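Please read all numbers here as calculations on a predicted model, not as lab measurements. In what follows, chains are A, B, ... by sequence order, proteins preceding strands, each numbered from 1.
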Amino acid sequence: MRYGYYPGCSLTNAARPYEISTRAIAGELGLAFDEVEDWNCCGATEYMSLNKTAAYALIGRNLALAAQSGMRELVAPCSACYLNLRKTDHYMKKYKPLGKVTNQALAAGGLHYEPGSLVVRHLLDVIVKDVGYDAISAKVTRPLTGLRVAPYYGCLIVRPDFNGGSSEDTEYPTHLDHLMEALGAEVVDFPLKTHCCGGHMTQISADTAYELIRRLLQNAAEYQADLLVTLCPMCQLNLDAYQSQVNRHFGTDFNLPILYFTQMIGLAMGLEPKELAIGQEIVSAASALRKIGTVEEIEETAQARRKRDDKSLPMPRIREG
Amino acid sequence: MTEKVGVYICHCGTNIAGPVDVAEVARWAKENLKGVALARDYRFMCSSLGQEIIQEDIKNEGLTRVVVAACSPHLHEKTFRSACSKMGLNPYLTQMASIREQVSWVTEDRAAATEKAKMMVAGAVRRVQLQVELQPTEVPVNPNTLVVGGGIAGIQASLELADAGYHVFMVEREPSIGGHMAQFDKTFPTLDCAACILTPKMSDVGLHENIELLSYAEVESVSGYVGSFDVRVRKKARYIIEDACTGCGICIEKCPKKVVDEVFEVGLGYRKAVYRPFPQAVPKFPVIDKETCIYFERGTCKACEKFCPTEAIDFEQTDSYVDLNVGNIIMATGYDLFDCTKIPQYGYGRLANVFTNLEFERLCNAAGPTEGRIVLRDGVTEPKSIGIIHCVGSRDKNYHPYCSAVCCMSALKFGHLAMEKTGAEVYSFYIDMRPLHKNYEEFYDRLLQEGMHFIRGRVAEVTDAARLPGEEGKIIIQAEDTLIGKQRRIPVDMVVLLGALQPRFDAKETGLKFGVSAGLDGWFTERHPKLDPVATMTDGVFIAGTCQGPKDIPDSVTQGAAAAARVQGMIAKGTVLIEPIVASIEEARCSGCRICNNLCPFNAIEYLEDKEVSYINAALCKGCGTCVAACPAQAISGAHFTNDQIFAEMEGLLYDVIGSNGATAKSPQPVLEPA
Amino acid sequence: MTESDFEPKIVGFLCNWCSYRAADLAGTARMKYEPNVRIIRVMCSGRVDPTFVLKALSLGADGVMLAGCHPGECHYIEQNYKTIRRFKMLKHTLRALGIEEERVRLQWASAGEGALLASAINEMVDQVRKLGPLHWSGNWMDDEGAQEAIQALPSEHAEAMEVPA
C-alpha cells in the first residue's frame with residue numbers, strides 16, 4: 001500500500017526517533033511511503049494565530065505538491081501536521097473565498113490545489129485501519145507481555161474532527177489501546193488519555209504547562225503504568241524533556257519513559273531498540289523494557305469464585321456494539 | 001344520466017368573502033360548469049340555517065350531488081355529509097372544496113384568490129358527478145380484550161375492564177407482571193413504597209376471574225381487524241408444571257447455580273438459575289433459565305427436581321401456543337433504560353462507584369441486593385457524598401433529543417432517600433428542574449429545605465484523576481456552575497446517572513405486528529398528540545403508558561384507564577362501522593401477477609390459489625390506495641378515490657387551461673369489456 | 001398572455017394525514033403563499049400513480065407537486081417509501097421526455113410543518129415561473145397522421161410477424 005508521506009519538521013529533528021521507527025516498521029507492515037518532494041513547514045500551532053492567509057498558503061503548498069505528484073492519500077505522523085493539512089483541505093472546500101485566496105497565493109509559485117483531491121490521514125489511523133490489528137498481531141514475535149502501557153493520544157488527533165477524519169470517539173478513543181493490546185501489552189486505561197499536554201505553553205507560560213504535564217504523569221503513575229505511548233512529537237517532547245523540570249517544580253519523582261507507538265510496534269516485531277532509535281529519549285526506557293526481555297507463560301486464571309463473605313456488587317456488563 | 005349538482009359557496013363571515021368574490025364564484029359555477037343545477041352563496045354554510053338550505057334544495061330541486069366550497073374538509077366534511085344523509089342523499093355523494101384554508105386565508109391578491117376558488121369549485125363539481133353511493137360495513141365487537149404488557153399501565157387497563165365485567169387476556173414477556181415499577185423503592189412525591197401500592201393491584205390481576213394472565217409469553221402474530229383480532233401467543237417454557245407448583249420456593253433454595261440477575265436486579269444482584277424475579281411475583285411460579293441451568297448445560301444436577309415436593313419440574317417442557325380472538329388490543333409495553341456506557345466520559349462501567357437510576361433504586365429497595373442499604377460497589381461502605389447527574393442520554397442531540405419527564409423528580413427522591421439513610425451530602429447537576437405535576441414543586445421546595453445541593457450545569461466529566469487536595473480516592477464531577485459562572489470540581493464517593501427512558505429495543509417490530517407505527521424517536525404514534533393520545537391510527541389498537549412516550553406513574557395509570565374506557569365504549573356499542581373507503585380487485589382484470597400482495601402493511605391482500613387472483617379483505621383495508629396505484633392492469637379500484645374521480649378533479653382544477661370540455665370528453669379511453 | 005406575465009398552473013397531490021393538514025395549518029396561520037398550486041386530496045401519497053403526474057402535465061399543468069408524510073411517519077406505516085420508489089422511476093422517465101427537474105417535486109411535510117410547505121410551494125412556483133410554460137397542452141389525438149398511424153398498426157404488426165424461413 002503506497003501513501004504520500006509528510007514527515008514535518010519535528011520528525012527531522014527532535015522527533016527523529018519517530019521517523020526512524022516508522023521507516024523501520026513500514027516494510028514489515030506492507031506500507032510504502034513516498035515523501036512529498038520539497039515539502040515545507042506546516043506552521044505548527046502558532047502561525048494560524050499570527051496570519052491566517054499566509055498560514056493557509058503555507059500549508060496549501062504542501063497539499064498542492066502532494067496532489068501534483070499524483071498521490072491520493074497523504075499520511076502525517078505528527079498530530080499537528082495532520083490537523084493542519086486536514087483543516088486546510090476542509091476549509092478550502094467549505095469556504096470558497098478562502099480556497100480562492102489560497103490558490104491565488106499558490107499560483108505565485110506555479111501551484112494549485114483543488115480541495116478534496118487528497119485524503120489526509122494520521123499514521124495511527126493508517127496502521128490501525130489499513131493494516132489491521134490481526135495482521136499486526138500475526139507479526140508479533142516478542143509480545144510485550146507484562147508491560148503496563150498507558151496509551152496517550154493527546155488532543156490534536158481527536159479534536160476537531162474535520163469531515164469525519166476519525167471514526168473514534170472524541171472523548172474516549174480506543175484505537176491506540178487496541179493496538180497495544182494486539183502487541184500483547186497490558187493496557188492501562190487511564191482517564192486523561194486525551195487531555196492536553198500543555199503544547200507550546202512550555203515556552204509561553206511554563207507554570208501552566210508544568211501543571212498539565214504533572215497531571216498526566218501523576219495519573220499514569222497512579223495507574224501504575226510502566227511507560228506512556230504517544231503519537232505526537234509535541235506530547236512526547238513535553239512529557240519526556242520536561243519531566244525533570246516538572247519533578248523539580250513540584251518536588252515529585254516521576255520516572256516514566258515516553259515512547260512512540262511505532263517504536264512499540266517495532267519492539268513487538270522483534271526489532272532491536274537501537275534500530276528503533278530507542279535510547280535517545282531523555283527519561284530512559286531501559287528499565288521498563290527489561291520487562292519484555294523474556295516471554296513468560298501466562299497462567300490461565302479460572303473465573304475467580306466469589307468468597308462466601310464477599311459483599312461487593314458486580315460491575316455493569318459492557319455491552320458490545 | 002346527468003346529475004343535478006348543488007353548489008354552495010360559503011362566506012364564512014368575511015374569512016372567505018373578504019378575499020374571494022363569493023357571489024361571482026357562484027355565478028360563474030352556474031353559468032360554466034356542466035351539471036350544476038343551482039349555485040348559492042351564504043354567510044355560514046355550517047350553521048343549521050346553512051344546512052337547511054342544502055336540505056331544502058335536495059328536497060325541492062331534486063339534487064343528486066352536493067358541493068360545498070368552504071373550510072377544510074377536516075372540519076366540516078362530517079357536518080355536510082350527515083346533513084345530506086338526513087335528507088336521504090348518500091353521504092358519499094358530497095364533496096367539499098377548501099377555499100378558506102387553501103385560498104382565502106393564504107392568497108393576497110383578490111383576483112387571484114377568486115380565480116383559484118373557481119378552479120377548486122370546478123374540480124369538486126367534476127369529481128362529485130363521478131362519485132357513487134357507498135355504505136359502511138358494520139362488524140360486531142368481540143368483548144374480549146388483549147392487553148400487551150403487565151406494567152402499571154397494563155395492570156390498570158386490565159383491572160378496569162375486568163371490573164366492568166369483560167374478559168381480558170394479559171400477555172407479559174417477563175416471568176412476573178409489575179414492570180419497572182416493581183423495581184422501585186419509593187415513588188415521588190408522596191414517597192409511597194412502590195411495592196406496597198403495586199402488589200395489591202398485581203394480586204388483583206392474578207386472582208381476578210375475568211383476567212387470564214399469560215406470563216412469560218409473547219405475542220407471535222396478529223391478524224384481523226377492529227372487533228375481531230386473531231392473536232397467536234407463544235408461551236415460553238418455564239419447565240415448571242403450573243398446575244402442580246405450589247410456589248413453595250424449595251427449588252430456588254436448593255439450586256446451586258448463582259448468576260448475575262441482569263433484568264430485575266439490573267446487574268447488581270444475583271439470582272439462581274431457577275428463579276422468581278422478586279418475592280411478590282405474580283404469578284408465583286418460578287422459571288428455569290435454560291441459558292444458565294446446569295442440567296441444560298451439562299446434563300447433571302436436577303436438584304430442583306429432586307427436592308420438589310409436588311413433582312412440578314418438567315425439563316421436557318416445550319414452548320406452547322395459544323390462539324386468542326379479541327375485539328380490541330391495548331399495548332402497554334413500557335420502556336428500556338438508556339445504556340450509559342455510551343457516554344464514556346461519565347465513567348459508567350469503568351469507575352466502580354458510578355451507578356444508573358435503576359441501579360440506585362435497587363440499592364434503596366429493602367428487598368434489593370443490599371437489603372436497602374445505600375453502599376458503594378464494595379457492598380459495605382456508605383457514601384458520604386453523592387453526585388446525581390441529570391439528562392444522561394436525554395436532551396442530547398447525540399442520543400435522545402427529548403426530555404425523559406421523570407428524572408428530575410427521581411433526583412429529588414434519591415436525594416431525600418440518600419440523606420435520610422446515610423446523611424450524605426447530595427449534589428444534583430441539572431440543566432432545568434422540571435417538577436411539573438401536582439405536589440411536585442412542593443417536593444422540590446422540601447428538598448431545598450432538607451439541604452440538597454443543586455448545581456445548574458451540564459456535567460463535562462466524571463473522573464478519578466485527582467488534581468486538587470481532597471480529591472484523592474474520590475470520584476470528581478467537573479461541571480460549569482452556570483449560575484455563578486465558574487468551573488467546579490466536586491469530589492464525591494458515589495455518582496448516580498439519571499439515564500434516559502428510551503423505547504424498548506424491539507418496539508418498532510412489535511408495533512408493526514399490531515399495525516402501530518413508531519415515530520422518529522421510537523415511541524408509538526398516537527392518533528393525535530393533543531386530542532387522542534391513547535388511540536392509534538389502527539382502529540381497535542390502543543397504546544398506554546411509557547410506550548407512547550416518557551411519563552410518570554400517575555400519567556401511565558391515567559392512560560391505562562383511558563384506553564380501558566375507550567375499549568369499554570366499543571364493547572358497549574357492540575358493533576363498529578368500518579369506513580367504505582377501501583380498495584377492491586376486479587377479478588376479471590386480475591392476472592394474478594401478485595405485485596400488490598406485498599404492498600399492504602395491514603396484510604389485507606391475499607392471493608387465492610384456486611382462482612389464481614388476488615383478493616382484498618375489505619375489513620382489513622385502510623384505504624391508502626397504494627395497491628390501486630401499483631396494479632399494472634388497473635384491476636384494483638379505490639372506492640371514493642378512483643382514477644376517474646381523480647382525473648375529473650384534475651380536469652376541473654385545470655379548467656382555465658383546457659376549457660369546459662376537458663380532455664376526457666374529447667378522447668375516448670379504451671374500455672375493457674368484462675369477460 | 002405574454003411570456004413575461006406567465007403564471008404557472010401547478011397541480012398538487014397532498015396526503016390527507018400530514019401534508020394536507022400542513023396546508024390547513026398554513027391557512028390557519030394566515031401564511032401567504034403563491035396561489036398557483038391547486039390541491040387534490042388523496043388519502044396517502046402512495047395513492048399517486050405516476051401516470052397521474054403525466055396526465056396532469058399532458059392536460060396542461062406546468063408542474064406537479066407530490067406531498068406526503070416524512071418517511072417513517074406514514075399514517076399507513078410505510079406507504080410513502082413506495083412513493084419514493086415510484087418517484088425516482090418517474091424522474092427517470094421525465095428526464096428522458098425532456099421535462100425539467102423543477103417541474104415535478106416531491107415534498108415531505110408533517111402536519112405541523114405549515115411554514116415548510118408554504119415556502120416549498122413558493123420556491124417551486126418561482127422555479128417553474130422562470131422555466132416558462134410546458135407547452136404540452138395539445139392532445140396527441142389531434143396530431144395529423146395520428147389516426148392514420150393507429151389504423152396502420154395491425155397491418156404493420158402482421159408484416160413484422162412474417163419471419164422468412
Side-chain angles (χ1 to χ4, degrees), chain B residues 71-75 98 100-109 112-113 115-116 119-120 123 127 511-512 515-520 525 537-538 581 599-602 622-631 634 638 640-641 643 646-647 649-654 656-658 662-663 666-667, chain C residues 7 9 11-17 20-21 23-52 55-56 58-62 70 72-80 82-83 86 111-112 118 121 137 139-142:
Chain B
C71 52
S72 167
H74 280 134
L75 291 172
S98 172
R100 190 182 70 170
E101 276 83 343
Q102 290 177 9
V103 180
S104 72
W105 273 350
V106 295
T107 312
E108 272 170 326
D109 179 65
E115 279 310 300
K116 187 172 177 183
M119 296 302 112
M120 303 287 280
R127 189 195 202 288
L512 284 176
V516 173
S517 57
L520 285 172
T525 309
M537 301 302 199
T538 304
I581 300 184
L599 292 175
C600 185
F602 305 101
K622 303 270 180 262
C624 71
T626 306
C627 58
V628 181
C631 180
Q634 291 190 353
H640 206 62
F641 285 91
N643 281 358
I646 294 178
F647 289 156
E649 191 173 351
M650 208 190 293
E651 286 163 14
L653 290 181
L654 292 171
D656 52 355
V657 179
I658 58 178
K666 272 163 63 170
S667 68
Chain C
E7 277 304 319
K9 292 163 187 59
V11 175
F13 290 95
L14 268 57
C15 82
N16 180 57
W17 302 97
Y20 197 88
R21 281 183 206 259
D24 280 352
L25 181 63
T28 323
R30 314 293 197 274
M31 295 179 205
K32 302 287 182 262
Y33 56 86
E34 302 276 18
N36 310 55
V37 177
R38 296 139 188 214
I39 296 171
I40 294 180
R41 183 175 101 170
V42 288
M43 292 310 282
C44 179
S45 58
R47 175 69 187 89
V48 180
D49 190 331
T51 55
F52 290 2
K55 174 86 174 181
S58 76
L59 282 177
D62 301 299
H70 287 275
E73 298 186 352
C74 180
H75 180 117
Y76 303 98
I77 319 247
E78 51 188 38
Q79 306 309 70
N80 49 7
K82 286 127 194 173
T83 313
R86 291 183 189 144
I121 288 175
S137 52
N139 199 297
W140 69 276
M141 288 290 278
D142 293 336

Under 4.5 Å from any heavy atom of chain B - which part of C:Phe13 = side chain
Quick one: does C:Arg38's side chain have a donor or acceptor within less than 3.5 Å of a partner on B:Met119's backbone?
-> no
Gap between atom OG1 of C:Thr28 and atom CG of B:Leu75 - 0.5 Å precision = 8.0 Å
Would you give the length of the straight line joining atom NZ of C:Lys9 to atom CG of B:Leu653, rounded to the nearest 0.5 angstrom?
-> 12.5 Å
Gap separating the NZ atom of B:Lys116 from the CD1 atom of C:Ile39, nearest 0.5 angstrom = 5.5 Å
When rounded to the nearest 0.5 angstrom, what is the spacing between CG in C:Asp49 and CD in B:Gln634?
-> 6.5 Å
Side chains of C:Glu34 and B:Thr107 in contact at under 4.5 Å (non-hydrogen atoms) = no
Those residues at least two apart in sequence (or on a different chain) that pass side-chain contact (heavy atoms from CB on, under 4.5 Å) with B:Cys624 are B:Thr626, C:Cys44, C:Tyr76, C:Gln79
Please name the pair of heavy atoms, one in B:Leu654 and one in C:Ala56, separated by the smallest distance, quoted to 0.1 Å.
-> CD1-O, 3.9 Å
Which residues satisfy the salt bridge (charged side-chain N to carboxylate O under 4.0 Å, His left out) test with B:Arg100, sequence neighbours excluded?
-> none
Side chain from CB out, backbone as N, CA, C, O: work out which of these in C:Val11 comes under 4.5 Å of a heavy atom of chain B, or both, or neither.
-> side chain
Looking only at heavy atoms, which two atoms of C:Tyr20 and B:His74 are closest? And how far apart?
-> CD2-CE1, 3.6 Å
Chain B contact via C:Arg86 - which portion, at a heavy-atom distance below 4.5 Å | side chain
Options B:Thr525, B:Asp109, B:Val103, B:Leu599, ranked by heavy-atom pairs under 4.5 Å with chain C, top entry = B:Leu599
Chain C contacts, top residue of B:Thr538, B:Leu512, B:Asp656 (heavy-atom pairs, under 4.5 Å) = B:Asp656
B:Ser104 OG to C:Arg30 CZ distance, which is reported to the nearest 0.5 Å | 8.0 Å
Is there a side-chain contact between C:Met43 and B:Val628, using heavy atoms and a 4.5 Å cut-off?
-> no
Does some side-chain heavy atom of B:Ile646 sit less than 4.5 Å from a side-chain heavy atom of C:Lys55?
-> no
Rounded to the nearest 0.5 Å, how far apart are OG of B:Ser72 and CG of C:Leu25?
-> 11.0 Å
Side chain, backbone, both or neither: which part of C:Cys74 has a non-hydrogen atom closer than 4.5 Å to chain B?
-> backbone
Closest approach of B:Phe641 and C:Val42, non-hydrogen atoms and distance?
-> CE2-CA, 3.9 Å
Pick from B:Pro73, B:Ala518, B:Gly511, B:Cys600: which one has the most heavy-atom pairs with chain C under 4.5 Å?
-> B:Pro73
Ranking B:His640, B:Gln102, B:Lys622 by heavy-atom pairs under 4.5 Å to chain C gives rank one to B:Gln102
Got B:Phe602 and C:Ile77 here, is their nearest side-chain heavy-atom distance under 4.5 Å?
-> yes
Which region of C:Lys32, side chain (C-beta onward) or backbone (N, CA, C, O), has a non-hydrogen atom less than 4.5 Å from a non-hydrogen atom of chain B, or is it both or neither?
-> both
Side chain, backbone, both or neither: which part of B:Met120 has a non-hydrogen atom closer than 4.5 Å to chain C?
-> side chain
